[in-house]
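For reference, the structure is listed below as structure tokens.
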Number of protein chains: 2
Amino acid sequence: MGASTSTGQRTQRAQRADARRNVEAILDAATRGLRRDPNVSIADIAAEAGVGRITLYGHFKTRADLVEAVLARTIGHAHAVFDGLDLSGDPVEALATLVTSSWRVIEQHRGVLGAAARELGHERIRDVHDDILTRVGHLVERGQAEGVFRDDLPGSWLVTVILTLMHTAAQDVDAGRLAAADAGLYLVRTLVAALTPPGSIVPVR
Amino acid sequence: MGASTSTGQRTQRAQRADARRNVEAILDAATRGLRRDPNVSIADIAAEAGVGRITLYGHFKTRADLVEAVLARTIGHAHAVFDGLDLSGDPVEALATLVTSSWRVIEQHRGVLGAAARELGHERIRDVHDDILTRVGHLVERGQAEGVFRDDLPGSWLVTVILTLMHTAAQDVDAGRLAAADAGLYLVRTLVAALTPPGSIVPVR
DNA sequence: GCTAACTCGTACATTCATGTTCAAGTTAAT
DNA sequence: ATTAACTTGAACATGAATGTACGAGTTAGC
């Protein structure tokens with residue numbers, strides 16, 4: 001990471017507390033800024049973080065370094081959320097759990113990934129994005145195999161529908177068009193219905 | 001429009017054929033470029049249109065003029081498609097008609113709107129976007145009133161779901177992840193199921 | 001054939017963003 | 001109290017994009 005080194009790299013004292021606070025503030029500001037506008041300037045990020053541009057450059061050598069750090073942190077968050085999910089058992093319940101727990105993370109994830117792709121190239125993010133696709137894909141396949149999810153449409157399309165609507169719900173919440181408290185419920189109802197096999201009854205939730 | 005004047009503005013002959021061809025080529029290139037990257041440069045647009053940058057500036061005084069022209073043309077196309085749709089009768093069939101006929105237009109529309117919003121401001125596009133929202137909204141309301149669309153979710157959310165998935169399907173087609181021939185069918189199946197009231201059977205299509 | 005519309009590359013001015021350098025003040029940690 | 005880590009604005013260099021100006025060649029339409 002482009003930020004100042006930890007004790008491991010120098011045999012002196014660890015990074016100062018105000019430096020650590022500033023690094024987090026910069027990463028927070030960069031995350032918000034990049035999702036809003038992938039071309040957000042370094043000056044704007046620094047201003048929103050409440051630090052000088054020079055200070056930002058003290059922690060991140062280049063813009064690409066900063067974006068890389070944002071990407072790494074975002075991926076870490078996403079993995080933390082997904083690793084904590086129990087997606088075994090009834091696929092419909094697992095889908096509800098997945099959707100309710102991760103719609104926020106998905107939106108951050110895709111927003112940052114989009115910005116990072118422009119900055120760092122698609123290669124850098126392909127493998128990390130695939131991880132989430134794979135997890136959701138396995139759930140969809142399991143549901144299709146058990147006959148509780150429709151199999152007249154390919155799993156890849158259903159995965160796209162799931163991720164896209166989670167992203168959309170989060171954007172609507174950010175835009176004030178949807179209450180955060182409603183997002184999970186709306187998503188679960190919409191997606192469970194969308195995945196219900198033709199000829200079957202849409203579950204009441 | 002920022003392009004060269006028609007006969008109406010000067011009492012000389014109409015715009016030359018090669019000039020009209022170039023204007024269309026520029027608008028086509030700008031539409032593609034803006035959807036790909038809202039910050040696409042004037043130089044790139046001109047190159048893709050196969051004209052000189054100076055020629056482009058001969059037809060459009062500024063970048064904002066060009067974006068405005070792209071917006072106007074895109075809106076015109078969308079209206080032409082929507083005006084030609086018969087959305088009366090069975091709401092489920094009407095939804096299928098809407099989706100099958102306009103997923104391509106929706107993607108163009110939203111891509112250009114997004115780019116135009118950054119360039120021209122959100123005010124300029126609010127009223128044009130509302131028209132399509134209104135038409136889709138009326139269909140959703142009719143379906144809810146007739147009991148064939150779920151009413152445990154607000155119409156505004158269902159409209160968002162419809163438009164978002166059409167946009168997504170078109171993006172997947174552009175990206176090669178989805179065959180164009182499959183897009184309409186996948187969308188219809190997914191959306192009809194998503195809108196089926198809980199406790200009802202998902203229609204087989 | 002004539003002529004005005006149309007086209008063009010190069011050069012230029014301006015603006016903005018990135019990244020670097022400088023000296024010096026502030027402050028966290030010992 | 002000390003000191004090294006951390007912070008800072010201004011100035012600067014570089015590159016990229018927008019928009020303008022120039023003279024001149026091309027061509028569509030009459």
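The shown structure was predicted, so the numbers you read here are calculated from the model rather than taken from an experiment. Residue numbers start from 1 in every chain, and the chains themselves are labelled A, B, ... in the order their sequence lines are given, proteins ahead of strands.
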**Report entry** Salt-bridge contact B:Glu24-B:Arg73 (side-chain N to carboxylate O under 4.0 Å)
**Finding:** yes
Query raised in the report: Among the nucleotides C:dG9, C:dC6, C:dT21, which one has an atom lying closest to any side-chain atom of B:Ala19?
Result: C:dC6
Query raised in the report: Under 4.0 Å between a side-chain N or O of B:His59 and OP1 or OP2 of C:dT7?
Result: yes
Query raised in the report: Can you tell me if B:Arg142 uses its side chain to pair, donor with acceptor, with the backbone of B:Leu87 under 3.5 Å?
Result: yes
Query raised in the report: Could you state the CG-C1' distance from B:Asp37 to D:dA16, rounded to the nearest angstrom?
Result: 14 Å
Report task. Mind listing the closest non-hydrogen atom pair of A:Leu139 and A:Ala94 along with its distance? Result -> CD1-CB, 3.7 Å
Query raised in the report: Got a donor-acceptor pair under 3.5 Å from the side chain of B:Arg53 to the base of C:dG9?
Result: no
Report task. Let me know the distance between CG of A:Leu56 and P of C:dG19, rounded to the nearest Å. Result -> 10 Å
Query raised in the report: OH of B:Tyr57 versus C1' of C:dG9: gap in Å, rounded?
Result: 15 Å
Query raised in the report: Nearest-Å distance, CZ (B:Arg63) to C1' (C:dC16)?
Result: 14 Å
Report task. For B:Ala43 and for B:Asp18, locate the closest nucleotide of DNA chain D by heavy-atom distance; then report the residue assigned to the nucleotide nearer the 5' terminus. Result -> B:Ala43
Report summary line: Whichever of B:Ser41 and A:Gly52 has the more 5' nearest nucleotide on DNA chain D, that residue is A:Gly52
Query raised in the report: With a non-hydrogen cut-off below 4.0 angstrom, is B:Ile42 in contact with a base, only sugar-phosphate, or nothing?
Result: sugar-phosphate
Query raised in the report: Within this structure, what is the NZ-to-C1' distance between A:Lys61 and C:dT21, rounded to whole angstrom?
Result: 13 Å
Query raised in the report: Would you find a donor on one side and an acceptor on the other, under 3.5 Å apart, between the side chain of B:Arg150 and the backbone of B:Ala194?
Result: yes
Query raised in the report: Side chain of A:Arg16: nearest nucleotide among D:dG19, C:dT27, C:dT18?
Result: C:dT27
Query raised in the report: Between B:Ile54 (CD1) and C:dC12 (C1'), how many Å, whole number?
Result: 12 Å
Query raised in the report: So what does B:Asn22 hit on the nucleic acid, given a heavy-atom distance under 4.0 Å: a base, only sugar-phosphate, or nothing?
Result: sugar-phosphate
Query raised in the report: Does B:Arg20 use its side chain to pair, donor to acceptor, with the backbone of B:Gln15 at less than 3.5 Å?
Result: yes
